[in-house]
Q: 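Structure below; questions to follow.
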Amino acid sequence: MISWIQRNFQRHFRAIFALILFVMIISFIFTIGSTPGIGHADNHTRSQPFFGYNLSSADDQRRISGDAQLSIYLHYGFPINAGNELEQYAFQRAATIFLAKQIHIPAPSENELANYVTTMGAFANANGEFDPNRYNSFRETQVLDKFNSQATAADVSRVLTDDWRAEQAGKLLAGPGYVLPGDIKAQLARDDTQWTLAVASADYAKYTPALTPAPADVANFFNANPAHYQIPDRVSVDYIAFPAADFIPQVNVTDSEVRDYYNANPARFPKPAASKPMAKPAPDGDFAAVRPQVEAALKLERAQRLAAQAASDIALALYNEKIGGVTPQLDTFLAGHHLTLKSLAPFPVDAPPAELGSSPEVASEAFRLGRDHFFSDALTTPSGSVILLWKESIPAYIPPLSEVRDKVTADYKETLKHKLFTNDLGKTIHDQLVARLKAGDTFEKAVTAANITASILAAANPTATATGVKLEMKTFPPFTQRQPPRDLEPSIRNNLDRLETGNVSDMIFSENKGWFIYVVAKKRPDLTETNPQFASARATLASQVANATQSTSLAEIIATELKKSAPANTP
């Protein structure tokens with residue numbers, strides 16, 4: 001089914017999402033100035049013409065968006081109701097329809113439209129084939145299930161006619177997709193060259209060189225990378241806590257309320273496993289087995305509401321008392337309400353304090369506080385509610401080396417380890433493998449010899465000890481890039497083109513391992529035009545070139561149209 005959807009996306013609207021390059025331009029239309037975008041019209045704003053529509057008009061916005069939604073559903077059988085994808089497609093569709101009108105592309109004939117209908121996903125079965133029964137059902141009821149009960153046959157006919165004409169305009173924009181024979185041969189060589197490989201890998205995690213960096217080296221590393229150790233903006237706040245647990249004694253629930261709560265949330269309260277099976281289940285046994293947990297959960301939920309209300313009342317009282325800082329007035333206020341102020345260590349916005357449930361919302365609100373906004377509204381936490389009170393905003397700064405020496409040292413060691421692994425050890429192993437292969441060894445024997453060499457590196461160079469390193473070998477029978485083995489590391493696939501039979505690659509670092517590729521055999525495909533794949537590769541490349549041409553041309557057309565109504569100060 002997925003492959004069918006992919007084929008139909010390419011077949012019908014290959015450039016649906018090609019306007020990503022112009023997202024910022026499109027976002028401008030929806031967010032800047034007086035133009036609110038599709039679905040957020042303002043009747044008092046200036047006109048915003050766009051290919052025969054007015055983007056400032058609520059009616060036109062609904063028309064563009066509604067037709068785009070119906071078009072997507074008809075073609076693919078599923079709706080896209082909102083988001084950038086719909087907005088981009090709506091803009092593109094409006095532009096191509098306008099272009100079709102400008103160059104006088106006629107409406108499809110009755111037969112052309114009938115054939116077009118058979119390609120629609122909305123009328124397809126589970127196998128992606130046209131289902132006459134689904135289409136006839138629509139014609140009889142004049143509605144599309146799962147989409148819009150008001151989408152009549154007339155709406156569908158109009159949208160399909162516009163889409164058909166838009167496709168013809170898109171084909172003209174795309175052109176034939178010119179490709180050179182050299183490009184086709186290069187594509188065939190990438191896809192159909194047959195590879196037989198043996199691969200050796202070294203686990204980076206097991207590489208444990210003995211490293212004792214000099215203080216001067218650590219200092220130089222710190223001075224070369226100061227931004228890596230910058231302490232981000234932080235905020236220091238106190239808080240008043242309103243734990244939900246303190247309000248549980250105030251909560252009373254009836255048996256019927258507990259049962260209703262269970263009935264509304266049965267999945268939250270699975271029945272505990274019985275020590276031995278009952279001969280005959282008791283009535284309401286499942287509920288009875290978990291009733292205490294249900295009652296406790298219901299009471300906690302209501303206690304959380306009471307905590308939130310209490311916090312809101314205190315926040316309002318702080319506002320009414322005009323308390324604007326940590327002053328004796330605040331102390332008097334807290335004492336009068338029997339409240340305690342608690343402190344938090346300064347924290348950055350991306351590391352919310354654990355004391356408040358590590359809540360991103362709480363951290364975000366803390367960073368909105370300041371001298372002119374001393375306290376927050378009531379904020380919900382996993383344990384109840386809180387009010388935050390601002391103490392200090394601490395700007396970002398680069399600490400002295402003495403404060404972060406341990407981290408800098410660890411980072412320097414890791415950098416040095418990676419260099420020793422990929423450069424020194426990698427070159428040593430590579431040269432050893434090449435030498436053994438030239439001497440007539442098989443790759444397996446060469447790997448064994450390299451393991452022996454790696455194990456004695458410590459004696460030759462203590463700073464490049466290979467402790468823990470052992471090469472592991474794996475072979476891959478003949479395959480092509482068109483149908484590679486599932487367990488073939490992507491980094492290996494991406495480095496094959498530059499290798500020939502008998503070659504051993506330099507170490508390739510990926511997935512925390514160092515890889516050495518040995519090409520056992522490389523068989524190139526037939527690159528002449530008599531190869532049946534030649535025509536297929538030509539068609540594929542031509543389609544890609546045509547799609548790129550269509551996307552670029554259409555994007556330029558849309559950008560030009562948007563600039564016509566952009567504010568004068570817009571670049």
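The first residue in the sequence is number 1, and the count goes up from there. In this text, all values refer to a predicted model and were calculated from it rather than measured experimentally.
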Q: With the threshold set at 4.0 Å, does a side-chain nitrogen-carboxylate oxygen contact exist between K474 and D487?
A: yes
Q: Going from CD1 on I398 to CD1 on I231, what distance comes out if it is rounded to the nearest 0.5 angstrom?
A: 10.0 Å
Q: Spell out, as yes or no, whether a donor-acceptor pair under 3.5 Å connects the side chain of S551 to the backbone of N547.
A: yes
Q: Taking atom CD of E361 and atom CG of L356, what is their separation to the nearest 0.5 Å?
A: 12.0 Å
Q: Rounded at 0.5 Å granularity, tell me how far OG in S505 sits from CZ in F516.
A: 7.5 Å
Q: Between Y89 and S71, does a side chain to side chain contact (heavy atoms under 4.5 Å, CB included) hold up when you go through it step by step?
A: CA-CA 10 Å; Y89 177 62; S71 172; 2.6 Å; yes
Q: Looking only at non-hydrogen atoms, find the nearest pair between F443 and A198 and report the distance.
A: CD2-CB, 3.5 Å
Q: Salt bridge check: are D497 and R190 linked by an N-O gap of less than 4.0 Å?
A: no
Q: The criterion is side chain to side chain contact (heavy atoms under 4.5 Å, CB included); which residues satisfy it with P108, sequence neighbours excluded?
A: E112, L113, T161, W164, R165
Q: Between E489 and S510, do the side chains contain an N or O donor and an N or O acceptor separated by less than 3.5 Å?
A: yes
Q: State, with a plain yes or no, whether a side-chain heavy atom of T193 is found less than 4.5 Å away from one of T480.
A: no
Q: Quick one: do the Q187 and D191 side chains pair a donor with an acceptor below 3.5 Å?
A: yes
Q: Hey, are D163 and Y116 close enough side-chain-wise for a donor-acceptor pair under 3.5 Å?
A: no
Q: Can you tell me how the ring of Y204 sits relative to the ring of H418, calling it parallel under 30°, perpendicular over 60° and tilted otherwise?
A: perpendicular
Q: Are the side chains of L379 and I387 in contact, using a 4.5 Å heavy-atom criterion?
A: no
Q: Has N495 got a side-chain atom pairing as donor or acceptor with S491's backbone, closer than 3.5 angstrom?
A: yes
Q: Can you confirm whether or not the ring centre of F222 sits under 6.0 Å from the ring centre of H228?
A: no
Q: For the residue pair P352 and S359, what are the closest heavy atoms and their distance?
A: CB-O, 3.4 Å
Q: Please check: side-chain N/O of N225 versus main-chain N/O of F221, any donor-acceptor pairing under 3.5 Å?
A: yes
Q: Side-chain contact, heavy-atom cut-off 4.5 Å: S393 with D233?
A: no
Q: Ring centroid separation for F50 and F91, is it under 6.0 angstrom?
A: yes
Q: Begin from the C-alpha positions of L496 and I517 and carry the test side chain to side chain contact (heavy atoms under 4.5 Å, CB included) through to its verdict.
A: CA-CA 8 Å; L496 290 180; I517 309 169; 4.1 Å; yes
Q: Are the side chains of F421 and M507 in contact, using a 4.5 Å heavy-atom criterion?
A: yes
Q: Could you tell me whether a side-chain N or O of N127 sits under 3.5 Å from a main-chain N or O of E129, the two making a donor and an acceptor?
A: no
Q: Identify, with sequence neighbours excluded, every residue that meets side chain to side chain donor-acceptor pair (under 3.5 Å) alongside W195.
A: none
Q: Indicate yes or no: at least one non-hydrogen side-chain atom of M473 is less than 4.5 angstrom from one of V199.
A: no
Q: Is atom CD of E500 surrounded by more than 12 heavy atoms (other residues, nucleotides or ligands) closer than 6.0 Å?
A: yes
Q: Mark yes or no for whether H430, through its side chain, and V504, through its backbone, hold a donor-acceptor pair below 3.5 Å.
A: yes
Q: Under the side chain to side chain donor-acceptor pair (under 3.5 Å) rule, what do Y135 and T118 come out as? Steps first, then yes or no, please.
A: CA-CA 9 Å; Y135 179 67; T118 64; over 6 Å; no
Q: Could you give the distance from CD1 (I97) to CD (E167), rounded to the nearest 0.5 Å?
A: 11.0 Å
Q: Give the minimum heavy-atom separation between R134 and A124, together with the two atoms involved.
A: NH1-O, 2.8 Å
Q: Atom CD of Q194 and atom NZ of K522: how far apart are they, to the nearest 0.5 Å?
A: 12.5 Å
Q: Between the side chains of K419 and E414, is the shortest nitrogen-to-carboxylate-oxygen separation below 4.0 Å, so that they form an ion pair?
A: no
Q: Is any side-chain heavy atom of L188 less than 4.5 Å from a side-chain heavy atom of F534?
A: yes
Q: Please check if the number of heavy atoms outside R268 that lie under 6.0 Å from its CZ is greater than 12.
A: yes
Q: Surrounding CZ of R498 (heavy atoms of other residues, nucleotides or ligands, distance under 6.0 Å), is the total greater than 12?
A: yes
Q: What do the steps show when you test D59 against R62 for salt bridge (charged side-chain N to carboxylate O under 4.0 Å, His left out), and what is the final call?
A: CA-CA 5 Å; D59 289 340; R62 282 192 292 268; 2.5 Å; yes
Q: Considering residues, nucleotides and ligands other than K417, do more than 12 of their heavy atoms fall under 6.0 Å from its NZ?
A: yes
Q: Please give me the minimum heavy-atom distance between L488 and P484, naming the atom from each residue.
A: CD2-CB, 4.4 Å
Q: Can you check side chain to side chain contact (heavy atoms under 4.5 Å, CB included) on L369 and F375, steps first, answer last?
A: CA-CA 7 Å; L369 302 179; F375 59 88; 5.7 Å; no
Q: Is there a side-chain contact between I103 and L172 (heavy atoms, below 4.5 Å)?
A: yes
Q: Compare every heavy atom of V362 with every heavy atom of T380, then report the nearest pair and how far apart it is.
A: O-CG2, 4.1 Å
Q: When you check the side-chain N and O atoms of D526 and T528, is any donor under 3.5 Å from an acceptor?
A: yes
Q: Looking at every heavy atom in both D183 and L541, which two are closest together, and how far apart are they?
A: O-CD1, 3.6 Å
Q: Flag the pair R158 and D155 as a salt bridge only when some basic side-chain nitrogen lies within less than 4.0 angstrom of an acidic carboxylate oxygen.
A: yes
Q: Are Y397 and R234 packed together at the side-chain level, in the sense that at least one heavy-atom pair is separated by less than 4.5 angstrom?
A: yes
Q: OG of S65 to CG of L86: how many Å apart, nearest 0.5 Å?
A: 4.5 Å
Q: Under the criterion side chain to side chain contact (heavy atoms under 4.5 Å, CB included), I'd like the reasoning laid out for F479 against T196: C-alpha separation, chi angles, the key distance, then a yes or no.
A: CA-CA 7 Å; F479 68 90; T196 305; over 6 Å; no
